[in-house]
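Lettering follows sequence order; numbering is per chain, from 1. FYI, side chains are in, hydrogens and waters are out, and symmetry mates aren't considered; it's all heavy atoms of this structure. The model shown is predicted, which means the values in this text are computed figures rather than measured ones.
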Amino acid sequence: MEKTYQPHAIEKSWYQNWEQQGHFAPSGEGDPYCIMIPPPNVTGSLHMGHGFNNTIMDTLIRYQRMKGHNTLWQPGCDHAGIATQMVVERQLAAQGINRLEMGREKFLEKVWEWKESSGGTITGQIRRLGSSVDWSRERFTMDEGLSEAVKEAFVRLHEDGLIYRGKRLVNWDPKLHTAISDLEVENVDEKGSLWHLRYPLADGATTADGQSYLIVATTRPETMLGDAAVAVHPDDPRYQDLIGKEIILPLVNRRIPIIADDYVEQEFGTGCVKITPAHDFNDYDVGKRHQLPLINVLDRDAAMLASAQIFNIDGTLNETMDASLVAAYAGLDRFVARKQIVADLDAQQLLEKIDDHGLKTPRGDRSGVVIEPWLTDQWYVKASTLAKPAIEAVEDGRIQFVPKQYENMYFSWMRDIQDWCISRQLWWGHRIPAWYDESGKVYVGRDEAEVRTKHNLGSEIALRQDDDVLDTWFSSGLWTFSTLGWPQQTDFLKTFHSTDVLVTGFDIIFFWVARMIMMTMHFVKNDDGTPQVPFKHVYVHGLVRDSLGHKMSKSKGNVLDPLDLIDGIELEDLVAKRTANMMQPKLAAKIEKQTRKEFPEGIASYGTDALRFTFCSLATTGRDIKFDMGRMEGYRNFCNKIWNAARYVLMNTEEQDCGQKGGDVELSLADRWIISRLQRTEQQIEKAFAEFRFDLAAQALFEFIWNEYCDWYLELSKPVLWDENASEAQLRGTRRTLVQVLETSLRLAHPMMPFITEEIWQRVAPLAGQDGQSIMMQAYPEANDARIDAVAEADIEWLKGVILGVRNIRGEMNISPAKHIPVLLQNGDDQDLRRLNENRPFLRKMTNLASISWLNTDEAAPLSATQLVGDMRVLVPMAGLIDKEAELARLTKELDKLSKEVGRVEGKLNNPKFVDKAPAEVVAKEQAKLDDATAAQAQLQSQFDKIAAL
RNA sequence: AGGACUAUAGCUCAGUUGGUUAGAGCGCUACCUUGACAUGGUAGAGGUCGGCAGUUCGAAUCUGCCUAGUCCUACCA
């Protein structure tokens, strides 16, 4: 083996090997265990979120696989409607090509080309993470099978009355020219203005204070062209007389009513609100209550509308306004029009004032532009009906969120769920299976033929399929069962559904998790007709942030690429990568500076195992994680520690008799101890995994391997292995323990660190009497209570106490580690003597002693530096080694600690309330503590006095 | 506005049902190339557990209030 751990030398080849051997596929034996990968965007690339997410899932899957389950980790990609279409549109735009000129069919060809050329990126990167997904079952949401499932789901929901087409206000993206769902709108805090406009009263009416106009306050002055009313609060004393009268809408010169509605807050602004039903969700509701005309261009023909919506598809003003205004405003962008309209009102003395005003601006999460409420026909899912069983499933624990806190978030959203707008005016996606005849009547069916048959439509009737596609999340909502072959009742569907765990970020609980639960429970039933949940657990993890806690984003230039952490990257390459294709080039200089400061040497290669172990360690209770390079470096060092421990073990066991072929075996105290500690570690890790506490599992493993196996056991094995007088049985015992504990530890670690464990296991396994192609197919270690050895543990604790005592004296007294020193043990009991006699060689070796002697109580000791192990004194004679003042200082420090302890415990025990009320065993424990501390105090004090008297 | 979460060593984080001398890694100090490992070893220093009150014999842990930060939902024209 190489002297130092070199991750890149081992990782790639092992992954290929596993995949080629078919180890990732379900074994077909054992209880099923299934995880569905949250499908990444097909044209996307790996980020830290994927790294974290995949680490958790792969750890679970490898663990369950080793525990003998029939595991399926189902991979696949999402077509990501808007995101992908935008990318391709941008590419075409760079070549001066417009999607609309190109036409739907040609454009879709381009998208498929792009999907083919870039679709392998993400899957290749997922392989680098070591993810043991079953690639033979890879699915894509636009695959034929999944598309069938989507169509089937749509038609059935429609048949069940749970999908309908409706005309209402939607969130309209004027840049992408599509409707989007509420969830795709981000409300951003922005600075804006509140314009106070004067609306003249009609018919010579005046306000209570004699004005001939009302003042309305608005953040959107340009929408005044579509105003249908002015509203005041019904109880507002200022305006009682005006309710029912009319306003002459400025510029437009249309008469609009003054209405009363308790939606208005009297305290805000002037208490007068302009009502624009076609451009504001609240105004829409007010308008409906008062039968106000909706003003919208698309419905110019609808009789219900007196006039039209003032915006075009792209947010420019349309020509439906009063003819006299067309020349002034039509065709202007909404924000240009705003300035113009405000200026024109000002010119007419109709602008009262402009106040600064903070507001939440609705912006499209993809396009970033201000979303416009717009009246159109769209398809909706009646979510409240589907939500009911979905809420119950979480309430009664059929689905459990980890951490449980997220259930509140789920409930609060689900209990007030709005209908879900699922149609998108895009081209890339599943086209809606609905057809229209020439009169606009709509028919839903699996295909045109079915529609014609079902509705008796002859070939003379022309049918046109709906142009729109479905929201990407509609197909994602079917993910757990569509990937298993639904609507066919496949064996896989029967075996692996419901799946076991969904691992995902909190940010898509609504987008995805909630909708999956609703869809799945509607479509997938048990034999007795009860609904199946998509998964039994939802493990919710936080966002991966940078070391300062900031969200990683390209524009901030703080993005870490998991592959750069695995492979390393030169500083210049990192700078180039972070500053490439900046939307705002001026940020590049800042990002470059910041990057050079944070990574002056670039990023070293840490390897996949270190990255994964870091993710596990940071995976605490569902909160965001600040990614800490220092911590990852520590875990890379941990890999190196394992590597070198293995080198030591192999060096001492290869081509040696490790007892695997039989022969007498004698286990030393250290052997029995490490085996015992191993059982406890196995217990801890099992518990941690059962509770999804990957951090605790990682910690238990780390502590066992480093602090117990390496720090103590390997050191304790040396005196045996290097003892010329050791018996064959003793040698076999130690070699066998070395190898077996290492081999077991590798299996314990494998789910978290697959590569290094496989590499080492291949060499260690035969020595431990194990065979098999791969560690990943071996059994996961299970604790054996019979091998927990409390006596051995206590004996080693004693041994460690003596060793640490001597080391402390050496360290504090600056005695060179090379110096052989004598040690005396005094005031010990029979147990101490037994332990000394059994462990003399260990003590000498571990602390580099010249001699170690036992003093009977009546024997005088030379003046010595002292440490206590229980009542026994560990003495290092001072002559020539230790100066008086140093030892007095050291003792003072010890005595200070003890007197604090005594004071504290005495205080407790002198408190009658404590003694009366606390449980007896707690009192006894405190008493024992006090006895120990006072005894120690006395011992050290007498020692102190002796030395001080010199 | 409502809700959730977070606050523990210089930094990143553990701390299980209230009972520890409050822990780990990194960083820091001193010493050490001893035959697995300097990506190492040994010994140390470092915390009134955000603040205030309360419950209790006993609070980092439970309750209330406050402060700071993060996030979610709804929304103020």
Check your understanding: Is A/Arg612 positioned over the aromatic face of A/Phe615, cation under 6.0 angstrom from the ring centre and no more than 45 degrees off axis?
Key -> no

**Study point:** Cation-aromatic face contact A/Lys718/A/Tyr648, 6.0 Å, 45 degrees
**Key:** yes

Among the nucleotides [options], which one has an atom lying closest to any side-chain atom of [X]?
X        : options             : answer
A/Val273 : B/A77, B/A14, B/C57 : B/A77
A/Lys845 : B/G35, B/A14, B/A36 : B/G35
A/Phe506 : B/C71, B/C13, B/C57 : B/C71
A/Phe510 : B/U73, B/C37, B/A77 : B/U73
A/Lys687 : B/A36, B/C71, B/U16 : B/U16
A/Glu715 : B/A36, B/C75, B/A43 : B/A36
A/Lys913 : B/G19, B/C57, B/A36 : B/C57

Looking for any heavy atom pair under 4.0 Å, which part of the strands does [X] touch: base, sugar-phosphate only, or nothing?
X        : answer
A/Val264 : base
A/Ser412 : nothing
A/Pro919 : base
A/Lys3   : sugar-phosphate
A/Asn911 : sugar-phosphate
A/Phe638 : nothing
A/His233 : nothing
A/Leu714 : base
A/Gly805 : nothing
A/Cys639 : nothing
A/Arg810 : nothing
A/Leu650 : nothing
A/Glu265 : base
A/Trp722 : base

Practice item. Scan side-chain atoms only and decide if A/Asn187 and A/Arg363 contain a donor-acceptor pair under the 3.5 Å cut-off. Key: no

Carboxylate-amine/guanidinium contact [X] [Y], below 4.0 Å:
X        : Y        : answer
A/Glu222 : A/Arg220 : yes
A/Lys353 : A/Asp355 : yes
A/Asp356 : A/Lys191 : no
A/Arg334 : A/Glu372 : yes
A/Lys925 : A/Glu921 : no
A/Arg890 : A/Glu812 : no

Can you find a side chain N or O atom of [X] that sits less than 4.0 Å from OP1 or OP2 on [N]?
X        : N     : answer
A/Lys718 : B/U34 : no
A/Thr218 : B/A77 : no
A/Lys626 : B/U12 : yes
A/Arg693 : B/G15 : yes
A/Lys641 : B/G41 : yes
A/His196 : B/A77 : no

What is the distance, rounded to the nearest whole Å, between atom [atom1] of [X] and atom [atom2] of [N]?
X        : N     : atom1 : atom2 : result
A/Tyr406 : B/U6  : OH    : P     : 10 Å
A/Leu214 : B/A77 : CG    : P     : 19 Å
A/Asp416 : B/C75 : CG    : C1'   : 13 Å
A/Arg545 : B/U12 : CZ    : C1'   : 15 Å
A/Arg636 : B/U39 : CZ    : P     : 8 Å
A/Glu894 : B/A43 : CD    : C1'   : 12 Å
A/Tyr284 : B/C75 : OH    : P     : 15 Å
A/Leu194 : B/C76 : CG    : C1'   : 10 Å

Practice item. Produce a footprint string for nucleotides 20-33 of chain B: one letter per nucleotide, 5' end first; B if the base is under 4.0 Å from any protein heavy atom, S if only the sugar-phosphate is, - if neither. Key: SS---B--------

Write down the distance separating the [atom1] atoms in [N] and [M], rounded off to the nearest Å.
N     : M     : atom1 : answer
B/U6  : B/U12 : C1'   : 15 Å
B/A36 : B/G41 : P     : 13 Å
B/U61 : B/G18 : P     : 11 Å
B/C49 : B/A59 : P     : 12 Å
B/G40 : B/G25 : P     : 11 Å
B/G10 : B/U48 : P     : 8 Å
B/G15 : B/C31 : P     : 37 Å
B/G69 : B/G58 : P     : 35 Å

Suppose we define a pair by two distances each less than 3.5 Å, Watson-Crick or G-U wobble; what does [N] pair with here?
N     : result
B/A4  : B/U70
B/G19 : B/C57
B/A24 : B/U12
B/U29 : B/A43

Review point. Any sub-3.5 Å donor-acceptor pair from A/Thr270's side-chain atoms to A/Ile215's backbone N or O?
Key: yes

Exercise for review: Begin from the C-alpha positions of A/Glu184 and A/Asn171 and carry the test side-chain hydrogen bond (donor to acceptor under 3.5 Å, both in side chains) through to its verdict.
Suggested key: CA-CA 9 Å; A/Glu184 289 158 282; A/Asn171 303 298; over 6 Å; no

Review point. Side chains of A/Arg904 and A/Lys929: closer than 4.5 Å at any heavy-atom pair?
Key: yes

Check your understanding: Could a donor-acceptor pair under 3.5 angstrom be found where the side chain of A/Gln418 meets the base of B/A74?
Key -> no

**Study point:** 5'-most by nearest nucleotide on RNA chain B - A/Tyr648 or A/Ile803
**Key:** A/Tyr648

